[in-house]
Protein chains: 2
Amino acid sequence: MAGMNISCAAQLSGVSAKMIRHYESAGLIPAVARTAAGYRSYTPEDVHRLAFIRRARAVGFGTPEIRQLLSLWQNRQRPARDVKRLAVEHLQQLQERIADLEAIADTLSHLISHCRGDGRPDCPILDSLAAEDPEPETRSNRARRRQASK
Amino acid sequence: MAGMNISCAAQLSGVSAKMIRHYESAGLIPAVARTAAGYRSYTPEDVHRLAFIRRARAVGFGTPEIRQLLSLWQNRQRPARDVKRLAVEHLQQLQERIADLEAIADTLSHLISHCRGDGRPDCPILDSLAAEDPEPETRSNRARRRQASK
DNA sequence: ACTTGACCCTCCCATCATGGGAAGGTTTAG
DNA sequence: CTAAACCTTCCCATGATGGGAGGGTCAAGT
C-alpha cells in the first residue's frame with residue numbers, strides 16, 4: 001500500500017539514500033516501483049531487504065558475497081551448507097587481513113619503541129625506511145609469495 | 001651519469017612502473033629528468049626515494065603520511081619527535097582497524113559456530129542478517145558513535 | 001638500411017563503498 | 001503562489017593498483 005520515499009526507506013533500513021540508489025544500480029536490489037513523477041517507492045519488504053544488506057555489510061561482506069547471500073536468503077530450499085561455506089571463506093579472508101595488519105603493527109611498534117623521539121634528528125624509524133638492504137616482513141611480501149606459489 | 005629507464009628503476013626499487021608514474025603525478029616524488037624522447041630517467045637517488053616509499057607503504061602509511069615522512073627524511077634538522085608522533089598516530093589507526101576487524105570476525109565466527117551447515121535450509125547466519133530488531137556490535141556502529149561523540 | 005620486439009609515453013577505465021554536489025523537476029505547507 | 005524540502009540523474013573524488021589502447025622510440029638481428 002503506502003509506498004514510501006527513498007529517504008524514509010533510508011531511515012528505516014539504516015542505509016543512506018545514496019547507497020540505496022547505488023545498490024539498485026549494482027543490481028543488489030531489484031528496481032523498485034516508481035510514482036508517476038518518477039520517485040522511487042519502497043515497500044516494507046524492500047526495506048527489509050535493505051536492512052539485510054546493511055547487516056551483511058556490517059559483518060564485512062562485499063558486494064558479490066552479498067549478492068549470493070541474498071539469493072540464498074530468498075531460496076527456501078537452500079542448504080545451510082552453502083551459507084556456512086560462504087561465511088567461512090569470508091572469515092578466513094578477515095583473519096588474513098587481521099594477521100597482515102598485526103604484522104604491520106608489530107613492525108611499527110617495534111620501530112617506535114626504539115625511537116627516543118626527542119629533539120635530535122636521528123631516528124630508527126626513518127633509518128629503517130631508508131635502509132638499503134633488509135626487506136622487512138610485510139603484507140605485500142607475503143601476498144606476493146602467495147601469488148607466486150599459486 | 002647513467003640515468004635508467006622506468007622499468008629498471010621499478011625493478012631496483014620494487015615499485016611498479018605504473019605506481020612510479022602515479023607517485024610522480026601525486027607529487028610524492030619530484031618530476032624526474034627526461035631524455036630527448038621524453039623517457040623518464042632515474043638516478044640511484046630517485047630509486048632510493050622510491051624504495052623508501054615502498055617500505056613506508058609496506059608498514060601501511062598512506063599518501064599524506066608518506067609525504068610528511070619524506071620531508072622529514074630530507075630535513076637533516078628534523079626532531080625525531082615529529083617522526084615518532086606520526087608513527088604513533090598511524091599505529092593507533094592500525095590498532096583501531098584491527099579491533100574493528102576482530103569484532104567483525106568474532107561476530108561472524110559466533111554465527112558460524114551455530115550453523116550446522118548441513119543440507120537443511122535453516123541457518124542462524126541468514127536469520128541473524130534478516131533479524132528485525134537487534135543491531136549487532138559492528139565497526140560502522142562504533143564509528144558512528146565515535147563520529148557522534150566528537 | 002629495415003624490420004621486429006621490447007621499451008616508453010599519455011589517457012581512460014575499473015575496482016569498492018561512500019559521499020559531495022550540481023542542475024533541474026515535484027510536492028507540500030504556509 | 002511561493003519557498004522549503006523533497007526527488008531525479010549525472011559527474012566527481014577518495015586510495016592503491018592494475019589493465020589496456022593508441023602511438024612513439026630504441027636496439028639488435030637480418
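First the proteins, then the strands, lettered A, B, ... as listed; each starts at 1. Below, all heavy atoms of this structure are taken into account, side chains as well, without hydrogens, waters or symmetry copies.
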Spacing of A:L28 atom CG relative to C:dA17 atom C1', expressed in whole Å: 11 Å
Answer yes if B:I112 and A:L86 sit in the same cluster of Ile, Leu, Val, Met, Phe, Trp and Tyr residues linked by side chain heavy atoms under 4.5 Å apart, and no otherwise. yes
Does the B:R40 side chain pair with the main chain of B:V32, one donor and one acceptor, at a distance under 3.5 Å? no
Round to a whole Å and report the spacing from CD1 of A:I53 to P of C:dC16. 15 Å
Using a strict threshold of under 4.0 Å (side-chain N to carboxylate O), is an ion pair present between B:R34 and B:E24? yes
Value in whole Å for how far the P atom of C:dA6 lies from CD of B:Q11: 15 Å
Check the pair B:L12, B:C8 against side-chain contact (heavy atoms from CB on, under 4.5 Å), reporting the backbone distance first and the verdict last. CA-CA 6 Å; B:L12 289 182; B:C8 180; 4.3 Å; yes
In whole Å, I'd like the distance from the CD atom of A:Q93 to the C1' atom of C:dC16. 14 Å
Pick the nucleotide of DNA chain C nearest each of A:A37 and A:Y23; which residue has the one closer to the 5' end? A:Y23
Distance-only, no hydrogens or angles: does the A:R67 side chain make a donor-acceptor pair with backbone N or O of A:A26 under 3.5 Å? yes
Return the value, rounded to whole Å, for the distance between atom CE of B:M4 and atom P of C:dC7. 16 Å
Could you run down the sub-3.5 Å N/O contacts of the protein with nucleotides 3-6 of chain D?
unit_1 : atom_1 : unit_2 : atom_2 : d
D:dC6  : O2     : A:Y39  : OH     : 3.4

What is the distance, to the nearest angstrom, from the NE2 atom on B:H22 to the P atom on D:dT17? 8 Å
Salt bridge check: are A:D46 and A:R49 linked by an N-O gap of less than 4.0 Å? no
Where does the angle between the aromatic ring planes of B:H48 and B:W73 fall among parallel (under 30°), tilted (30 to 60°) and perpendicular (over 60°)? perpendicular
Checking all strands, does A:S16 fall into the base, sugar-phosphate, or nothing category for heavy-atom contacts under 4.0 angstrom? sugar-phosphate
B/S/- contact track for nucleotides 9-14 of chain D, protein heavy atom under 4.0 Å: BB----
Electrostatic pair B:D118:A:K84 at N-O distance under 4.0 angstrom: no
Starting at OH of B:Y42 and ending at C1' of C:dC7, how long is that distance when rounded to a whole Å? 14 Å
Please determine whether a side-chain nitrogen of the Lys or Arg among A:R85 and A:D82 lies less than 4.0 Å from a carboxylate oxygen of the Asp or Glu. yes
Mapping B:P64 and B:T35 to their closest nucleotides on DNA chain D, which lands nearer the 5' end? B:P64
Could you check how far CD1 of A:I20 sits from P of C:dA17, rounded to whole Å? 16 Å
